[in-house]
Amino acid sequence: MRRRLRRALAAAGAAAAILAGPLVGSALAAFTSATGASGTFSAASDFAPPSVTAAVIQKTAGGLGGAIGQGRTYRVYANVVDAGNPPTGIATVRADVSAVTPGQTAVVMTAGSYTVAGVSYNYASGTLTAGNPLAEGTRTYSVTAIDVAANASTTLGFVVLVDNTRPVGVSAATTNAGTAGLVEQGDTLTLTFSEPLDPSTILSGWNGSATNVVVRVTAANRSLVTVRNASSSAQLPLGTWDLRNRYVSGTAANFGSAGVPSVMTMSGSQVTIVLGARTSGTPQVGQSTTQTRWTTVTTPTDPAGNSVLATTVLGPAPPTQAF
């Protein structure tokens, strides 16, 4: 009996020594269960590399991702998943963006919680600067992830667009909902640019979906149309449309500041505003005596960070109705 007891204690001590000893090599194992009286253990080694499921380049000014201009600053974001069973944890994540920034083949990325245009990422680089000059076109980059067990994977083929061209205004046009030449609820104003803009540079936090705004038409001899935020406290950077004739008598007419709001949306390169209920002023039937003039401003940018070129866009020759 005593001999059997001594053998059992010796076996237990040996097992404890094994458990306490150092782990050798890079194939880490996690004990998953003990099987009771038999005293045996089961383990699963982590031989699976991490997976990089998504990545995007975004200008440091924020907004949309996927494009950058030469000489502009940006960050790289990625989603990395530890695919081990059981996972041992991510050790390092690095990006090769040498096609965008020469020499940057192993940019360190830091774990965290990040959001780009509503999409979440768990790794991000520091600030980088795109090469200058850098020809327009698509560039590819890769992200490499290594786990604690030294399993590594490199995901190739992530794409960013290099765009160095400034957007310009193309046209300002209306669709009439009622009386020709009369600014009224339901009329539509469409502003067209040469390429899609980053909506957050028009209105902070905007993603292009329907949002409330106020349209103001002044009562001067040449009525001016501007678009303002929902509270009408600030003009949005969509420029000014000169109708070249009087379309409002008395004070300026506001559409959408109360009751039925004016609604702004973006689709592709077009910003469309549908006029809401009139809350002030008295519209009158007008007709442009010369070509209308839409003057753009430089505040909005495209996704690459190129600002709109300030120009004056001429409308069609009269006799045409602005609304």
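Side chains included, hydrogens not; waters and symmetry mates left out as well; all remaining heavy atoms used.
With values rounded to the nearest 0.5 angstrom, Trp206 atom CH2 is found 9.5 Å from Thr201 atom OG1. Separation of atoms OG1 (Thr144) and CG (Leu156) is listed at 8.0 Å; rounding is to 0.5 Å. The CD atom of Gln58 lies 10.5 Å from the OG1 atom of Thr73; values are rounded to the nearest 0.5 Å. Separation of atoms CZ (Arg166) and OG1 (Thr298) is listed at 7.0 Å; rounding is to 0.5 Å. Of the inter-residue distances, the one linking Thr154 atom OG1 with Ile146 atom CD1 reads 7.5 Å to the nearest 0.5 angstrom. For the atom pair Asp163 CG and Ile68 CD1, the distance stands at 10.0 Å (nearest 0.5 Å).
With contacts defined as side-chain heavy-atom distances shorter than 4.5 Å, the pair Thr92/Val108 does not qualify. You'll find the side chain of Ser262 stays beyond 4.5 Å of the side chain of Val214, heavy atoms only. Using a 4.5 Å cut-off on side-chain heavy atoms (C-beta onward), Thr101 and Tyr74 make contact. Residues Asn306 and Thr301 are not in side-chain contact: their nearest non-hydrogen atoms beyond the backbone lie 4.5 Å or more apart. Put simply, the side chain of Val225 reaches to within 4.5 Å of the side chain of Leu189, judged on heavy atoms. No side-chain heavy atom of Val52 sits under 4.5 Å from any side-chain heavy atom of Tyr123. Taking 4.5 Å as the limit, every side-chain heavy atom of Val217 sits out of range of all side-chain heavy atoms of Pro283. In this structure the side chain of Ser233 never reaches within 4.5 angstrom of the side chain of Arg228, judged on heavy atoms.
Glu184 places a side-chain N or O within 3.5 Å of a backbone atom of Thr179 that can act as its donor or acceptor partner. In terms of modelled atom types and a separation under 3.5 Å, the side chain of Arg293 and the main chain of Gln291 share a donor-acceptor contact. A donor-acceptor contact shorter than 3.5 Å links the side chain of Asn164 to the backbone of Leu134. Remark: side-chain polar atoms of Asp147 are not paired, donor with acceptor, to backbone N or O of Pro50 under 3.5 angstrom. In this structure, the side chain of Thr296 engages the main chain of Thr311 through a donor-acceptor pair within 3.5 Å. In terms of modelled atom types and a separation under 3.5 Å, the side chain of Trp294 and the main chain of Val170 share no donor-acceptor contact. Side-chain atoms of Lys59 come within 3.5 Å of backbone N or O of Pro303 as a donor-acceptor pair. Put simply, the side chain of Asp82 gets close to the backbone of Gly89: a donor and an acceptor are under 3.5 Å apart. Counting only distance, with no hydrogens or angles, the side chain of Asn79 and the backbone of Asn122 share a donor-acceptor pair below 3.5 Å. Side-chain atoms of Ser249 come within 3.5 Å of backbone N or O of Thr282 as a donor-acceptor pair.
Shortest non-hydrogen contact noted between Ile202 and Pro300 is CG1-CB, 4.1 Å. Across every non-hydrogen atom of Gln104 and Leu128, the tightest pair is CD-CD2, 4.1 Å. The shortest non-hydrogen separation linking Pro167 to Ser307 is CD-O, 3.4 Å. Minimum heavy-atom separation, Leu191 to Ala172: CD2-CB, 3.7 Å. Across every non-hydrogen atom of Ala48 and Ala83, the tightest pair is CB-O, 3.6 Å. Considering all non-hydrogen atoms of both residues, Gln185 and Phe255 come closest at N-CE2, 4.2 Å.
Both Leu236 and Leu275 belong to a single network of hydrophobic side chains, linked directly or stepwise wherever heavy atoms of I, L, V, M, F, W or Y lie under 4.5 Å apart. Using a 4.5 Å cut-off between side-chain heavy atoms of Ile, Leu, Val, Met, Phe, Trp and Tyr, with links allowed through other members, Leu224 and Val215 fall into different hydrophobic clusters. Using a 4.5 Å cut-off between side-chain heavy atoms of Ile, Leu, Val, Met, Phe, Trp and Tyr, with links allowed through other members, Val313 and Val227 fall into the same hydrophobic cluster. If you chain together hydrophobic residues whose side chains sit under 4.5 Å apart, Val76 and Leu64 never meet in one group. By the criterion of side-chain heavy atoms lying less than 4.5 angstrom apart, applied directly or through intervening Ile, Leu, Val, Met, Phe, Trp or Tyr residues, Val274 is not grouped with Phe323; the two fall into different hydrophobic clusters.
Ser280 and Asn254 share a donor-acceptor pair across their side chains, judged by distance under 3.5 Å alone.
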Any chance you could lay out the side-chain hydrogen bond (donor to acceptor under 3.5 Å, both in side chains) test for Arg244 and Thr290, step after step, and finish with the verdict?
CA-CA 6 Å; Arg244 309 299 290 179; Thr290 58; 3.1 Å; yes
Derivation of the side-chain hydrogen bond (donor to acceptor under 3.5 Å, both in side chains) call for Thr60 and Arg75
CA-CA 6 Å; Thr60 53; Arg75 299 178 76 189; over 6 Å; no
In sequence, state the C-alpha distance, the side-chain angles, and the governing distance for Glu195 and Ser269, and then conclude on side-chain hydrogen bond (donor to acceptor under 3.5 Å, both in side chains).
CA-CA 5 Å; Glu195 62 174 294; Ser269 58; over 6 Å; no
Chi angles and distances behind the side-chain contact (heavy atoms from CB on, under 4.5 Å) call for Val263, Asn212:
CA-CA 5 Å; Val263 177; Asn212 294 347; 4.0 Å; yes
For side-chain contact (heavy atoms from CB on, under 4.5 Å), just list the numbers for Thr115 and Tyr77, CA-CA rounded to whole Å, side-chain angles, deciding distance to a tenth of an Å, and then say yes or no.
CA-CA 9 Å; Thr115 302; Tyr77 298 86; over 6 Å; no
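With Trp241 as reference, Thr292 is the one residue of Thr226, Thr174, Thr292 to meet the side-chain hydrogen bond (donor to acceptor under 3.5 Å, both in side chains) rule.
Aromatic ring centres of Tyr114 and Tyr121: separated by at least 6.0 Å.
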